[in-house]
2 protein chains.
Amino acid sequence: MSKEKNQQTEERILETAIEVFQERGMAATRMQEIADRAGINKALLHYYFRSKQQLFEAVFSKCFMQFAPKVNSIFQSEEPLFDKLYRFADNYITFMLKNRFLVPFIVQEMNNNSEFAFSFLDSVNRPDPTIISGQIKAEIEAGIIKPIHPKQLLLSIFSLVAFPFAAQVLIKGLLKMDDEEFVTLMNERKTLIPDMIKNALKP
Amino acid sequence: MSKEKNQQTEERILETAIEVFQERGMAATRMQEIADRAGINKALLHYYFRSKQQLFEAVFSKCFMQFAPKVNSIFQSEEPLFDKLYRFADNYITFMLKNRFLVPFIVQEMNNNSEFAFSFLDSVNRPDPTIISGQIKAEIEAGIIKPIHPKQLLLSIFSLVAFPFAAQVLIKGLLKMDDEEFVTLMNERKTLIPDMIKNALKP
DNA sequence: TCAAAAATTAACCATTTGGTTAAACCAAAC
DNA sequence: GTTTGGTTTAACCAAATGGTTAATTTTTGA
């Protein structure tokens, strides 16, 4: 068989696996369901990816890499802090609105598999907080923004942007929103969040 | 056998089940492990709680009720908005620091089991956003705070407080924190978050 | 004291699940 | 056309898992 089809099949398996893993999470995912949805025999899964664990790791890695480099490039550019912030909120929310299960999946599996999570983060070109932390300190010293621990600021930004996706069902339930309203709200947040932080940090 | 011991056993099972479910999540939890940790026979689990699903629902309900009424009472009191906010951040973070797995558990299981999640929320004395939403609108009209959609404000508050707990492992990994630093940061956030929001909403 | 009721257990059971094996299939090279 | 290599499948397998049953132990209350 040609290399072509080989790659195609592997690709189809991985894409299907991403779907199922994101929908159900690692623990609740069944190899059989992936095989069924991909229209192949279960044994073929093990032919391409040796085990459930390895398939999961391929899925996780691909998912993580779908947004990490982008975040990285924004945070490591030369722009002023607030420009980065607007760009980040916009890009991140836009992307996550198209990939609704991504954040919950990453968050959940990191929590449930922390040994793997840490070794994965160490092996990967992950967003590096030192550069932007330096920038935050510099802008504080320059009097552009109020003093704040850089990690607190970063944590707040991530929280404001990511939590609504991470806790989608809870939030919709508590605030009595349907999906349409949720999307509207998240679109507003592309500017609302940076505006809010800008205001909060006004010296 | 006395009603006493009955209650005691049921209580011990439930407490153990809370531990295991929070550690592993519904899908990865094994009835056998709960039985082992509780020092009883597996059949006894089914004697008190008919099935894994029912045990899970008891666990989930008890966990949810550990904090929902408190949040409720704070948000529905007569205080000014910012007083509530300070009280909420302080109480919530203090409690979650002592129950590290609670938020991730609730968030994860609501996501993975949304049919159950919604019917549960409907059946329960959940935090009701209408009251505090009214208050927010009133304080906007009184010129105390800037205009903002009440749901956006509530969503932001929840995000800032809850996300670090929900995504603990991811956050520690990205920001390179050990647990000690995490605790320090979260303690600072008891006032940092309300301060930040207060500033952001200054008219 | 002793029989009935409740609690607890050991042994089972059916099904599900991740994973394996050996055979079949199929495109291409010779 | 036949061999050869990787690809795909049907059939299996052993372990794990949620759940049940029937018997045993403990408690109760008359």
Side-chain angles (χ1 to χ4, degrees), chain A residues 1-63 105 108-109 112-113 115-116, chain B residues 1-63 105 108-109 112-113 115-116:
Chain A
M1 171 158 295
S2 69
K3 198 77 186 274
E4 305 293 284
K5 194 162 180 190
N6 182 321
Q7 297 275 42
Q8 259 175 239
T9 308
E10 184 167 336
E11 189 55 31
R12 191 170 78 244
I13 291 176
L14 191 56
E15 289 305 317
T16 311
I18 288 178
E19 267 183 46
V20 181
F21 272 113
Q22 285 192 8
E23 246 176 67
R24 309 213 181 280
M26 164 66 163
T29 287
R30 302 293 161 240
M31 295 296 270
Q32 189 62 58
E33 182 171 8
I34 298 174
D36 290 346
R37 285 210 219 173
I40 57 167
N41 189 289
K42 190 179 53 148
L44 204 57
L45 290 183
H46 290 87
Y47 178 74
Y48 284 99
F49 303 85
R50 295 182 62 86
S51 66
K52 186 185 180 185
Q53 181 65 26
Q54 270 187 241
L55 179 54
F56 164 73
E57 291 180 11
V59 165
F60 185 90
S61 181
K62 181 150 187 186
C63 288
F105 172 68
Q108 169 169 324
E109 298 312 330
N112 291 346
N113 213 340
E115 351 71 59
F116 165 73
Chain B
M1 172 161 287
S2 70
K3 198 79 185 273
E4 307 291 285
K5 195 162 182 189
N6 184 321
Q7 298 274 39
Q8 260 174 238
T9 306
E10 184 167 338
E11 189 56 31
R12 192 170 77 245
I13 291 175
L14 191 57
E15 288 305 316
T16 311
I18 288 177
E19 266 183 46
V20 181
F21 272 112
Q22 284 192 7
E23 248 174 64
R24 308 212 181 281
M26 164 68 163
T29 287
R30 302 293 159 238
M31 295 295 270
Q32 189 61 59
E33 181 172 7
I34 298 175
D36 289 346
R37 285 211 219 173
I40 57 166
N41 187 289
K42 189 177 51 143
L44 203 58
L45 290 184
H46 291 87
Y47 178 74
Y48 284 99
F49 304 85
R50 294 182 62 86
S51 66
K52 188 186 179 185
Q53 181 65 27
Q54 270 189 241
L55 179 54
F56 164 75
E57 290 179 11
V59 164
F60 186 91
S61 180
K62 180 150 188 187
C63 288
F105 172 68
Q108 169 169 326
E109 299 310 332
N112 291 345
N113 212 340
E115 351 72 59
F116 165 73

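Chain A is the first sequence line, chain B the second, and so forth, proteins listed ahead of strands; every chain is numbered from 1.
Evaluation of the side chain to side chain contact (heavy atoms under 4.5 Å, CB included) rule for A/E57 yields A/Q53, A/F116 as partners, not counting sequence neighbours. In terms of the side chain to side chain donor-acceptor pair (under 3.5 Å) criterion, B/Q54 has no residue partners (sequence neighbours excluded). Residues satisfying the side chain to side chain contact (heavy atoms under 4.5 Å, CB included) test with A/N112, not counting sequence neighbours, are A/Q108, A/E109, B/Q108. Residues passing the side chain to side chain donor-acceptor pair (under 3.5 Å) test with B/D36, sequence neighbours excluded: B/Q32. The salt bridge (charged side-chain N to carboxylate O under 4.0 Å, His left out) check on A/R24 picks up A/E33, with sequence neighbours excluded.
Listed by residue number, the members of residues 26-45 of chain B with any heavy atom below 4.0 angstrom from DNA chain C are B/I40, B/N41, B/A43, B/L44.
When side chains are defined from C-beta on, B/H46 does not count as touching B/L55, because their heavy atoms never get closer than 4.5 Å.
The separation between A/F49 atom CZ and C/dG19 atom P is 13 Å, rounded to whole Å. In this structure, A/I13 places its CD1 atom 10 Å from C1' of D/dT8, rounding to the nearest Å. At whole-Å resolution of the value, NE2 in B/H46 and C1' in C/dC12 are 14 Å apart. Put simply, CZ on B/R24 is 11 Å from P on D/dT17, counting in whole angstrom units.
Under 4.0 angstrom from either OP1 or OP2 of D/dT7 there lies no side-chain N or O belonging to A/T9. Contact annotation: A/Y47 does not reach the phosphate of D/dG6 (side-chain N/O to OP1 or OP2, under 4.0 Å).
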